[in-house]
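Letters A, B, ... are given to chains in the order of the sequence lines, protein chains preceding strands, and every chain is numbered from 1. Heavy-atom basis, side chains included; hydrogens, waters and symmetry copies ignored.
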Amino acid sequence: MIDLIFPDGSKRQYDDGVTGKQVAASIAPSLAKRAALIKLDGELLDVDRPLPKGGQFEILSRDSAAALETLRHDTSHIMAQAVQELFPGTQVTIGPSIEDGFYYDFARDEPFSLDDLPKIEARMKEIVDRDLPLVREVWKRDEAIAHFKSIGETYKAEIIEGIPAGEDVSLYRQGDDWKDLCRGPHFPSTKFIGKAFKLTKLAGAYWRGDHRNAQLQRIYGTAWASDADLEAHVTRLEEAEKRDHRKIGRAMDLFHMQEEGRGMVFWHPKGLTLWHTVESYIRRRMDAAGYVEVRTPQVLDRVFWEKSGHWEKYRPNMFVCETEEGEELALKPMNCPGHVQIFNHGQKSYRDLPLRMAEFGACHRYEPSGALHGLMRVRAFTQDDGHIFCREDQIEEETTRFIELASSIHADFGLERDHIALATRPEVRAGSDAFWDKAEAQMLSAARKAGVEPVIAEGDGAFYAPKLDFLLKDAIGRQWACGTIQLDYVLPERLDADYVGEDGQKHRPVMLHRAICGSMERFIGVLIENFAGAFPLWLAPVQVVVATITSDADDYARQVAKALVAKGLRVETDLRNEKINYKVREHSLAKTPVIAVVGRREAELGQVALRRLGSDGQEILDLASAANALALAATPPDIARNAGGVERAGEAG
RNA sequence: GCCGCUUUAGCUCAGCUGGUAGAGCACCUCAUUCGUAAUGAGGGGGUCACAGGUUCGAGUCCUGUAAGCGGCACCA
């Protein structure tokens, strides 16, 4: 006998070997009909599978949130069956559920075309209508291998060959003759899957994720419990597309890229204004946090990069040039070795540590062509780089301080943090296990001291040390990696950095590599997408447009603009011979935060009518108070805080 | 780098099965001076990504190259 505890807390006893469906039937026949999946002590099971033990028991319907992943997984199997029915000779490989949907990788000589997707979708719906039972079968490993080999499914056979000998494997039968290796669980039959799915894209993907292996054809799809959910998802995608920084960058005239400079950005005046605003802000924060700013050479002799170790490992990804005299030089792919040179210049004492060195360092990396993506992945980029040279016993405190600094900065940009990832030792690595134990523990404990519990990213660390990565969330919930801090014992050793300790002996400092934006290009791309171009006042490239109603007000409009500029605001005037409706529409679409409308009335009374983006009302103020109010509202958050702090201190005193 | 798709005016796109290019917005000119999301009229603008090929004839068909896009791999 087994004991089952139901969600309402009640407890009942059942015979051994009872299935979830039988339990459901014992409660209500309608429940048994609806049962799509069983949850037993948190584990999901097929409804027809005998329960292996007692425990917390729940019957899930197809539209419960916990069943969504299974629904997507099932949909991928249906797609595999549909593809094999339509395109005989196609081999199946793997087909997992992913965020919002699923994919399946197929091996087929001829490529699928986009036109095939509707056909496959139609066949999938037909399979749903057939209401084929999904039946779990347990096979001997070797028999399963022989089976898949006999039907020409070499990839499946290879997967099973990876399972230890003697272990049984589970196969799911979909109808009479379609079978797939699968751990399960699945819904009872294809009808449960429903039709709220859509095949979305074709892609190439390497077998087992390794580029040395054969390339398979991947079909992506999205699947939901209801048509309404599917529609909402499609709408979300459309929204995301509207925010694309490449689109907005063009529309707002921020930057462009062109063929002759792949992965390189031409920053237009407005884009560079945005850049400068971000850079000035970061610089102020770095100054306040005790960093010294430096600048290191753009191009250095090959010998230098050989010494740092980059030549050997990253030569194919470096831009290299040769001089008339035959010297080989390379554009810097990173700033760290340069910073070590500054550290090494002159003798350092333990009293100089921690030494925090920052640089807006322009770097060049020859990224693979397929990796380029707007501002997000470029070949010429500027890191808000920084290196903290410190003693080993200062690592934790410096890391904690950095996490706090980065968190505050991200918050000022309106970016919410999803989580911090602790990337741990990779398979190929330098250093002993004892070293990694210690280093990982240091990063973990530093994060906890800053009040965050990192999510472990197993094996994602650099080859010389672990790192913490900041994963931010934008306005529509997408994640972006911005900001990192990583430990490094290797580079100080290679470049022979040292300081004199209290004991008068030379010691090796530890380096902490850190960045808050990552790359300025990428960070600006994230900001554009986060705000969909509607920047907060302090970031907006153009903060105020002074627009006239008739040409009578032209002189006054110039006077208004001058007064606003004098307050440090970024202002444009629109004196065109156009109707005010037209101007308001145009500047609203351009996401200008404030339109200051002036007509004859304002000119006579010395006023301005302010219209803020997103509201259709207007606020009529005299010029001086409008200028003051806007200047105050446009104050960068760090300066606003400091001003507030001074006032509060004054009050307290 | 690999797989697939795409490339027509500054932007967004139309151009059926081959018969030497079209719209809206933007731009320029003129008229209009109009109080909070598009005033009207006129005008200029294209080696149809590039290079070959098939054809009497190619934006349209074929091949190659490049770039862009979506993935994969990569990301010090």
Side-chain angles (χ1 to χ4, degrees), chain A residues 103 105 108 110-117 200-220 241 244 246-247 250-251 253 256-263 305 308-318 332-337 363 365-374 376-379 381 383 460 462-465 467 481 484 486 488 490-491 513 518-519 522 547-554 575-590 595-602 609-613 615-618 620:
Chain A
Y103 67 78
D105 286 347
R108 177 176 180 239
E110 208 183 316
F112 291 112
S113 87
L114 246 25
D115 301 333
D116 294 329
L117 299 189
T200 51
K201 52 198 174 196
L202 286 172
Y206 298 106
W207 168 235
R208 299 200 145 152
D210 189 328
H211 68 278
R212 289 162 300 192
N213 289 341
Q215 190 150 29
L216 308 169
Q217 297 186 64
R218 176 171 299 179
I219 302 178
Y220 282 94
E241 209 175 310
D244 191 312
R246 292 164 296 193
K247 216 174 245 188
R250 190 164 46 231
D253 197 18
H256 86 269
M257 297 167 104
Q258 63 190 47
E259 258 190 59
E260 296 85 344
R262 299 195 63 191
W305 302 109
S308 74
H310 292 97
W311 189 268
E312 187 196 359
K313 190 149 194 249
Y314 295 109
R315 166 68 190 85
N317 298 311
M318 287 168 74
K332 69 173 170 185
M334 50 168 16
N335 309 297
C336 347
C363 297
R365 294 180 187 176
Y366 188 76
E367 301 286 6
S369 56
L372 302 177
H373 179 91
M376 302 307 193
R377 188 85 179 269
V378 288
R379 285 179 174 162
F381 57 99
Q383 291 180 316
D460 269 357
F463 77 93
Y464 48 84
K467 57 175 179 170
T484 182
Q486 51 193 74
D488 187 359
V490 176
L491 203 61
H513 305 253
S519 96
R522 182 187 159 78
T548 50
I549 295 171
T550 64
S551 53
D552 295 346
D554 285 3
L575 309 182
R576 290 175 302 170
N577 179 9
E578 294 289 351
K579 290 187 173 167
I580 193 61
N581 283 339
Y582 180 86
K583 294 185 184 181
V584 165
R585 175 180 154 83
E586 195 169 273
H587 300 301
S588 299
L589 289 174
I595 304 172
V597 177
V598 294
R600 197 172 301 154
R601 201 187 304 146
E602 284 75 14
L610 300 183
R611 182 189 167 112
R612 286 164 201 270
L613 185 63
S615 87
D616 46 9
Q618 42 179 326
I620 298 175

Would you sketch RNA chain B in dot-bracket for me? Only Watson-Crick or G-U wobble pairs with both distances under 3.5 Å count, crossing pairs as [ ], other-strand pairs as |, the rest as dots. (((((((..((((.....[..)))).(((((.......))))).....(((((..]....))))))))))))....
At under 4.0 Å between heavy atoms, what does A/N317 touch on the DNA or RNA strands: base, sugar-phosphate, or nothing? base
Who passes ring-ring contact (aromatic ring centres under 6.0 Å, His included) against A/H211, sequence neighbours left out? none
For A/R218, report the nucleic acid contact type (base, sugar-phosphate, nothing); a contact means any heavy atom under 4.0 Å. sugar-phosphate
Under the salt bridge (Lys or Arg N to Asp or Glu O under 4.0 Å) test, which residues partner A/D554, sequence neighbours left out? none
Out of B/rU36, B/rA38, B/rG1, which nucleotide sits closest to the side chain of A/R585? B/rA38
Could you tell me whether the side chain of A/R212 has a donor or acceptor atom within less than 3.5 Å of a complementary atom in the base of B/rA73? no
So what does A/R377 touch, heavy atoms closer than 4.0 Å: a base, only the sugar-phosphate, or nothing? base
Between A/K201 and A/K247, the residue closer to the 5' end of RNA chain B by nearest nucleotide is A/K247
All ring-ring contact (aromatic ring centres under 6.0 Å, His included) counterparts of A/W207, not counting sequence neighbours: A/Y155
Does A/R576 have any side-chain hydrogen bond (donor to acceptor under 3.5 Å, both in side chains) partners at least two apart in sequence or in another chain, and if so, which? A/D574, A/E586
Could you go through nucleotides 33-35 of chain B and list every protein N or O atom that sits under 3.5 Å from one of its N or O atoms, giving the distance for each pair?
unit_1 : atom_1 : unit_2 : atom_2 : d
B/rU33 : O2     : A/S551 : N      : 2.9
B/rU33 : O2     : A/S551 : OG     : 3.4
B/rU33 : N3     : A/S551 : OG     : 3.1
B/rC34 : N4     : A/N577 : OD1    : 2.5
B/rG35 : O6     : A/R601 : N      : 2.8
B/rG35 : N1     : A/E602 : OE1    : 2.7
B/rG35 : N1     : A/E602 : OE2    : 3.3
B/rG35 : N2     : A/E602 : OE1    : 3.4
B/rG35 : N2     : A/E602 : OE2    : 2.6

Report which part of the nucleic acid A/G309 touches: base, sugar-phosphate, or nothing (heavy-atom distance under 4.0 Å, all strands). nothing
Evaluate whether the aromatic ring of A/F112 and the six-membered ring of the B/rG4 base sit under 5.5 Å apart, centre to centre, with an inclination under 30°. no
